[in-house]
Every structure is written in C-alpha cells, then in structure tokens.
Amino acid sequence: MGLPQAGLWLRRLWVLFQVALQVAVGKVFLILFPSRVKQHIVAMNRKNPHFSYDNWAPTLYSVQYFWFVLKVRWQRLEDRTEPGGLAPNCPVVRLSGQRCSIWDFMKDGWAFKNNVNIRNHRNLQDRLQAACLLLDRSPQCPVVVDTMKNQSSRLYAALPERLYVLQAGRILYKGKPGPWNYHPEEVRAVLEKLHS
C-alpha cells in the first residue's frame with residue numbers, strides 16, 4: 001500500500017530539487033522582468049475575485065513560499081484517493097470538541113461557497129477557533145476540522161485545498177488541487193446529477 005519508505009524519500013528529494021529550481025528561476029524572473037511576471041500572474045487569476053496581486057506578490061518566491069509549495073508537493077506524493085475508490089475514513093473533530101470520522105458526514109451533502117484566510121494552527125484549539133470563522137458565514141454543511149495529525153489532509157491530498165464528493169464510503173468526484181485548478185461548477189454538476 002503506497003510507496004516503500006526509500007522510494008518515497010527519493011521522490012521527495014526529486015520534488016525538493018524541482019521546487020528549489022522553480023523558486024530560483026521564478027525569483028530571477030521576478031527581479032529581471034517584474035511587469036511581465038505580474039501580467040502573467042494576474043492573467044492566471046482573472047477568475048478569482050478575491051485575488052489581489054499587491055497582497056500576494058510580496059510572498060511570491062520567498063522562503064515561506066518555498067516551504068509551503070514543498071509541503072504541498074510532498075503531501076501530494078502520499079495521495080491515496082482515486083475517483084470510484086474507497087474514501088479514507090479519517091478522524092475529524094466537531095467544533096464542540098467531539099471526535100468523529102469523516103464518513104459521519106456523508107448523510108448530508110456539503111458545499112463550500114467562500115474562502116477564508118486562516119493562519120497555521122499550533123494546536124487543536126487554534127484549529128477549532130479558525131473553523132468558527134466559517135460558522136459566521138452560515139455554511140450549509142457540517143463544519144469539522146482535521147486532527148493535529150492532519151491525516152485527512154494527507155490522505156485526501158487536500159493542501160492547500162481540494163474539492164471532493166463522497167457518498168457511501170466512495171469517492172464520486174476528486175477535483176484538482178486549488179486554488180487555481182479546482183472547479184466548483186464540476187462539483188455542482190455531480191451533486192445535481194446525484195439529486196436528479
């Protein structure tokens with residue numbers, strides 16, 4: 001089940017090289033051709049009404065950017081989900097603190113409508129407080145959080161974000177990683193097909 005440990009480390013080393021090269025080349029381009037890079041990034045994010053180049057650009061190709069992209073790419077190496085395959089039944093925590101599993105929420109459909117910027121959590125209490133921000137937006141779905149072991153995030157390769165449709169313990173839809181490659185309209189189509 002999955003890559004042998006040595007194979008995983010070799011792939012992580014390869015990803016480390018790729019991300020380091022990407023960040024180095026990106027930083028050079030950002031220095032040499034700032035207006036061209038800005039034009040390219042703005043064009044890529046035209047569909048996202050919450051995107052602001054001025055808020056995002058200072059972090060582009062920074063050390064923090066490098067570590068975040070590396071973390072995301074390493075996590076994708078451990079992706080264990082396939083459309084039609086068994087959905088991992090990971091532990092999650094309700095906002096009340098009660099522990100349960102992700103399958104407990106397959107009775108109701110859920111849909112995320114808005115993004116919220118949330119900082120990294122140092123403990124479960126931080127994570128639960130951040131999840132309360134979602135409640136202020138009155139989501140039409142149950143809100144739970146991953147445990148601090150991040151098992152759900154790892155098994156679903158959900159960093160930074162990814163949309164899924166799960167039913168009866170199976171993955172009906174697995175979206176591409178966000179924020180640029182996911183398509184909520186595809187999720188809507190799958191959900192509408194299920195309810196028709």
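All values reported here derive from a predicted model rather than from experimental measurement.
The closest side-chain heavy-atom distance from Lys38 to Leu60 is not below 4.5 Å. Side chains of Glu186 and Val190 form no contact here, defined as non-hydrogen atoms less than 4.5 Å apart. Annotation: side chain of Val15 is in contact with side chain of Leu77 (closest heavy-atom distance under 4.5 Å). Contact annotation: the side chain of Val93 never approaches that of Gln98 to less than 4.5 Å [non-hydrogen atoms, C-beta and beyond]. Put simply, the side chain of Val23 does not reach to within 4.5 Å of the side chain of Leu70, judged on heavy atoms.
The side-chain hydrogen bond (donor to acceptor under 3.5 Å, both in side chains) test applied to Arg154 returns no partner, not counting sequence neighbours. For Tyr173, there are no ring-ring contact (aromatic ring centres under 6.0 Å, His included) partners, not counting sequence neighbours. Gln64 is linked by a side chain to side chain contact (heavy atoms under 4.5 Å, CB included) to Ser62, counting only residues two or more places apart in sequence or in another chain. Partners of Phe66 under the ring-ring contact (aromatic ring centres under 6.0 Å, His included) rule, at least two apart in sequence or in another chain, do not exist in this structure. Remark: Trp14 pairs with Phe17 by the ring-ring contact (aromatic ring centres under 6.0 Å, His included) rule, at least two apart or across chains. Lys27 is linked by a side chain to side chain contact (heavy atoms under 4.5 Å, CB included) to Ile31, Tyr61, counting only residues two or more places apart in sequence or in another chain. Remark: Glu82 engages no residue in a side-chain hydrogen bond (donor to acceptor under 3.5 Å, both in side chains) (not counting sequence neighbours). By the side-chain hydrogen bond (donor to acceptor under 3.5 Å, both in side chains) test, Thr59 pairs with no residue at all, sequence neighbours left out. Under the side chain to side chain contact (heavy atoms under 4.5 Å, CB included) criterion, Gln125 pairs with Asn123, Leu128, Gln129, not counting sequence neighbours. Every residue meeting the salt bridge (charged side-chain N to carboxylate O under 4.0 Å, His left out) condition with Arg12, not counting sequence neighbours, appears here in chain and number order: Glu78. Partners of Ser153 under the side-chain hydrogen bond (donor to acceptor under 3.5 Å, both in side chains) rule, at least two apart in sequence or in another chain, are Gln75. Applying the side chain to side chain contact (heavy atoms under 4.5 Å, CB included) criterion to Asn89, with sequence neighbours excluded, gives Ser101, Ile102, Trp103.
Remark: Leu194 CG to Glu192 CD distance equals 10.5 Å, nearest 0.5 Å. For the atom pair OG1 (Thr81) and CG (Leu86), the distance works out to 11.0 Å, reported to the nearest 0.5 Å.
Not one N or O on the side chain of Arg99 forms a donor-acceptor pair closer than 3.5 Å with the backbone of Pro91. A distance-only check finds no donor-acceptor pair linking the side chain of Arg162 to the backbone of Lys174 [under 3.5 Å].
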